[in-house]
Amino acid sequence: MAGNLREEGNALYKQRKFLDALPLYYQAANTDPEDYRPYLNLSAVLFELGKYKQSVEYGQKALSTMNDEVRQGVSGERVSARIAKARVVLKDADNFSTTGESKGLDPRHLPRYKPTIGRHLEFFSVGHDTPMSLLTEDMCEECPDDDRLAFFFGGIGDARHFYYTLTFFAASEYRRKTTRKIHFTLNDILPDVFARDLVFFILLDELSYETQKAPTDKATQLELDKKVATLFYLYLCPLVPTYVNDELQRVIRKTMSMLEGRGQERLPSWIYFAPVTCNTIIPLLRSWQSDVFALHSTREIQTKAKLESQKSRINIASLVDQMGMVGLHDQQETNEEKDYFATIMVSPPPRLINAFEQDLGKLLDLPRTESRLNKIEQYIGKNWKVNATMFNVASEKAGYFSDCGNNPFEFGKAVSLAVGTEHGPKQTSGLYATGYLFFSSVATALAESRDRIFVETQLGDATKLLEDTRIGLVQNRDSTWPIQYDHVHLSNVPDYVGGPVASFLYGIPILKSKSYARYSSTCLRNPSHFPTVDHFISEYLCLQDSETTRKIFPYKEPFLEGPEGPEDPADIPDLFSQSGYWSWSRIRDPPLNFTELLSRNETETWLYQLSLKTILPVPRERYSFSQIFSPLNLTIIFRVAIYLHQTGYPAHWLADALENLLANTVTTTARPARRSPLRPTDLRKPVPAKRLTFAPFLAEFRSLAAQWAPVLPFGISSTHIPTRVRRYTLNVFPLNSEDKDGHGRVPAFVLVFWNPARLGPGRMIWSMDLRKVLLPDEKGSTDPRDVRLRENGLAILAVWEFDPANDEAHFWIDEDAMEKWKREDWMVQIWRDDTYRPVSTPLPVRQVPRGSAIEGFMTSFPTNGLTEGEYWSI
Ligand SMILES: C[S@@+](CC[C@H](N)C(=O)[O-])C[C@H]1O[C@@H](n2cnc3c(N)ncnc32)[C@H](O)[C@@H]1O
């Protein structure tokens with residue numbers, strides 16, 4: 001009887017139907033408790049299902065039920081080995097931790113993206129989106145009236161979505177009479193953005209007190225008008241009236257005193273800025289007091305803004321024509337727009353003109369002729385001021401441009417689009433009036449909800465902040481602040497940080513477990529590359545379709561949201577299908593059931609595919625404006641492994657795949673991407689299994705494994721994990737300024753180490769096709785010299801930091817590997833992995849003595865080379 005049950009179970013086990021086999025083995029064990037064999041089976045099947053503790057228990061039960069002979073035979077050995085493996089995976093073994101404890105950096109703080117070597121990021125002060133509320137009707141309906149809502153804005157930019165959400169909140173809560181609160185986490189990577197937003201917060205806070213009471217006299221009314229005008233002009237226009245600049249200077253003085261803790265005043269209680277953010281934005285505020293005016297004259301910015309806005313009008317018109325989107329640009333420009341493009345002036349309202357600029361008023365009243373525009377242009381050039389908040393003085397001094405070519409009427413149109421919605425401002429005529437309504441609505445909303453909102457600002461990369469928030473790694477974060485959100489909005493940040501990887505690994509997992517909780521983002525850099533969401537996913541995640549993707553990331557079919565989104569995604573022309581806001585939500589919380597997972601083979605293949613895509617990006621055009629970034633480094637594999645484990649994937653599948661990578665014993669049907677973007681069809685093509693070498697990437701991967709092992713939720717036992725990983729600093733000497741300042745903003749830089757002795761006589765690494773040498777598959781070079789180099793003479797590092805002030809590279813690597821490279825006289829150089837070309841002078845890994853020169857290489861040499869830092873672990 002028990003025998004039959006076991007046989008039936010074994011047949012199912014062989015078909016990998018583990019869940020079906022399980023009850024049969026249980027029954028067999030119950031039928032004959034003295035028989036060790038059902039326990040053996042149970043131990044095996046539970047192991048396969050990832051139930052390691054139970055597997056160990058049944059394994060031990062089997063051992064104790066066996067007689068000595070069986071215990072010492074094959075069955076005994078097999079079950080003991082399984083118990084040992086399960087204990088390693090469980091991190092329960094005596095010796096699983098061959099890697100030591102982390103004494104240094106938490107590996108989650110290692111750079112997750114390849115560095116840029118550029119000194120500054122682009123600063124676009126004005127956004128383009130139609131303002132959108134993250135608070136939605138269904139949320140208001142379903143969320144309990146006294147709950148706290150939490151919203152996360154990554155890449156907050158000019159905060160338009162935040163303002164609009166606030167307006168919606170105040171309006172809807174007023175109607176419903178709820179007592180809900182909202183916590184907003186606002187994030188951006190640029191301090192300039194926060195310096196600018198803070199000026200607006202302070203102005204709005206002031207205005208919110210004043211809008212509460214009706215102005216009783218002319219002077220109070222004028223003060224109110226000035227504040228709204230200040231908000232309006234600073235928000236949208238490169239040139240501003242003098243009284244606006246005076247207001248700005250007053251607010252800057254007040255804000256700096258608040259941030260520096262001088263005087264009595266503190267930041268309003270609804271705003272939080274971390275001390276580190278305050279320190280970073282103070283110099284920016286200071287530069288808006290005078291430096292910016294020394295750098296730019298009004299006339300210069302007037303000319304530049306005219307030119308830039310002309311250019312963008314022409315570009316948009318020709319794009320629209322090229323796409324045959326008839327009707328999009330046949331709207332006539334209004335007189336107000338024509339005036340703006342000729343003068344860079346948006347006309348102030350009559351009350352302010354009468355009070356401060358009667359001369360301008362007279363010019364505006366002249367008949368509409370060319371000469372009228374010339375006169376207004378001259379008046380503005382002479383009397384108005386540069387909008388300081390649109391400029392970053394430090395980055396301009398380093399050769400960057402600040403963008404002042406924004407078309408303020410786009411904002412007007414965007415707000416008008418939102419007007420149709422219930423809580424948007426009412427339709428108005430004229431840009432100033434639209435702006436007036438927008439900002440006074442926000443100020444009123446703030447007045448009504450000041451005690452119920454809290455705004456936490458956090459500077460840095462959005463994905464890092466999301467991950468750190470979820471796992472409690474953000475320093476000085478109040479324990480009462482949310483660690484789950486009702487809506488996470490990432491703007492187009494995913495364009496820069498791995499597309500849907502950012503959405504699925506960081507955005508969706510931090511959502512509350514509510515049906516209305518959602519995540520949204522858009523693709524703005526290069527939407528035309530991705531005709532469908534599946535195309536977007538396949539390029540960045542190497543998953544061939546939504547069905548496969550959902551076996552890892554259980555999300556609901558995304559839908560387009562926002563006022564501009566067509567009802568039916570089929571109505572969007574392919575070229576723009578990704579440029580709306582896609583909204584995603586979770587189907588349910590992890591873990592998934594065993595039967596819902598990808599198969600073991602599919603899971604391993606995916607991990608290898610993602611690794612190969614990460615380490616060997618497809619060559620891409622360096623100067624292409626729409627280049628698809630390939631920013632990730634191999635830290636992603638450890639994050640994905642942790643994620644998969646939490647999603648229900650058995651730890652031994654993951655541990656074995658990692659071990660194959662570490663031991664360089666990968667045989668797979670996965671291949672490096674052959675084109676950019678990688679298409680779903682590429683991933684469906686049948687490919688033969690092949691042994692692929694990861695040799696040039698092993699030093700890094702093994703060093704990473706040493707660093708990550710302590711935080712992995714499962715154990716890996718590998719003889720390939722180094723015990724001593726050290727942080728090294730390499731002075732890379734002054735870099736070519738084009739790379740550093742111009743095109744160094746693409747996250748595409750890696751350190752290439754090579755052994756010149758392995759190149760073969762007369763061969764230079766610079767004249768080789770490095771990618772072909774690195775490719776381990778049928779597309780790779782088969783020249784024996786290249787194969788030798790690939791196996792033994794090359795190492796690529798993509799987990800490193802670049803310090804542009806000191807021209808220093810910091811990286812973490814196995815000390816033994818480094819010692820070997822030094823002994824063997826390896827060289828190191830920074831390369832781009834979009835063009836596979838070097839950007840720095842080559843440097844001997846061994847310390848180069850001061851002033852020494854080495855024949856046969858390029859001209860200048862570093863004065864100092866490698867410095868050894870702290871051990872990562874001991
Ligand atoms: C295109 S803007 C978004 C503006 C907004 N969607 C709008 O139209 O108003 C993107 C913002 O994201 C910020 N950003 C870029 N990369 C980021 C990252 N990795 N983490 C956080 N913010 C980032 C930029 O500084 C910029 O302010």
Side-chain angles (χ1 to χ4, degrees), residues 111-116 118 120-134 151-165 185-198 200 235-236 277 280-281 284 389-390 392 395 400 402-403 405-408 410-415 417-418 438 442 456-469 474 487-499 501-503 505-507 520-527 561-565 578-583 625-626 629 631-632 745-747:
R112 60 186 64 210
Y113 306 113
K114 281 171 249 173
T116 58
H120 292 272
L121 295 164
E122 288 161 318
F123 172 42
F124 290 103
S125 45
V126 187
H128 297 285
D129 287 0
T130 299
M132 174 171 99
S133 168
L134 297 201
F151 296 136
F152 185 105
F153 292 87
I156 184 68
D158 62 14
R160 56 183 61 197
H161 300 304
F162 160 65
Y163 296 138
Y164 203 67
T165 307
T185 302
L186 310 188
N187 153 261
D188 205 281
I189 201 160
L190 276 182
D192 315 52
V193 165
F194 279 136
R196 195 164 183 268
D197 288 343
L198 182 54
F200 288 95
Y235 201 71
L236 291 177
T277 316
T280 330
I281 63 183
L284 293 164
T389 68
M390 284 189 173
N392 181 319
S395 76
Y400 288 80
S402 296
D403 175 52
N406 122 79
N407 173 354
E410 269 185 18
F411 175 79
K413 284 173 195 150
V415 172
L417 270 174
F438 183 78
V442 179
E456 166 198 4
T457 57
Q458 294 285 359
L459 186 63
D461 171 52
T463 59
K464 175 161 172 51
L465 180 63
L466 284 167
E467 182 179 76
D468 288 354
T469 303
V474 183
H487 195 143
V488 172
H489 182 279
L490 279 201
S491 186
N492 71 326
V493 168
D495 283 345
Y496 303 94
V497 292
V501 173
S503 317
L505 272 188
Y506 311 112
S520 50
S521 64
T522 179
C523 166
L524 291 182
R525 262 183 65 78
N526 38 28
E561 68 172 39
E564 78 272 44
Q578 298 305 304
S579 63
Y581 269 97
W582 287 96
S583 188
F625 181 68
S626 67
F629 289 167
L632 304 182
R745 276 169 282 167
V746 178

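Whatever order the structure lists them in is the order used to number ligands and atoms, beginning at 1. Values in this document were obtained by computation on a predicted structure and should not be read as measured data. Position 1 is the first residue of the sequence; numbering continues from there. FYI, side chains are in, hydrogens and waters are out, and symmetry mates aren't considered; it's all heavy atoms of this structure.
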Q: Strictly distance-based, threshold 3.5 Å: is any side-chain N or O of His489 a donor or acceptor partner for the main-chain N or O of Ser520?
A: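 Side chain of His489 to backbone of Ser520: no pair is present.
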
Q: Run through ligand 1 for me and note each protein residue having a heavy atom under 4.0 Å from it, chain first, then residue number.
A: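 Near ligand 1, by chain and number: Gly127, His128, Asp129, Gly155, Gly157, Asp158, Arg160, Asn187, Asp188, Ile189, Leu190, Val193, Gly460, Asp461, Ala462, Ser491, Asn492, Val493, Val497, Tyr581.
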
Q: Which pair of non-hydrogen atoms, one from Thr389 and one from Ser125, has the smallest distance, and what is that distance?
A: O-CB, 4.4 Å

Q: Determine whether the aromatic ring centres of Phe411 and Tyr235 lie less than 6.0 Å apart.
A: yes

Q: Quick one: closest heavy-atom pair of His161 and Thr165, and the distance?
A: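 That closest heavy-atom pairing would be O-OG1, 2.6 Å.
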
Q: Identify the two heavy atoms, one from Ala195 and one from Leu284, that lie closest to each other, and give their separation to 0.1 Å.
A: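 So the two residues come closest at CB-CB, 4.1 Å.
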
Q: Check each of Phe152, Tyr506, Phe153 against Leu490 using the side chain to side chain contact (heavy atoms under 4.5 Å, CB included) test, and report the only one that passes.
A: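 Output: one option passes, namely Phe152.
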
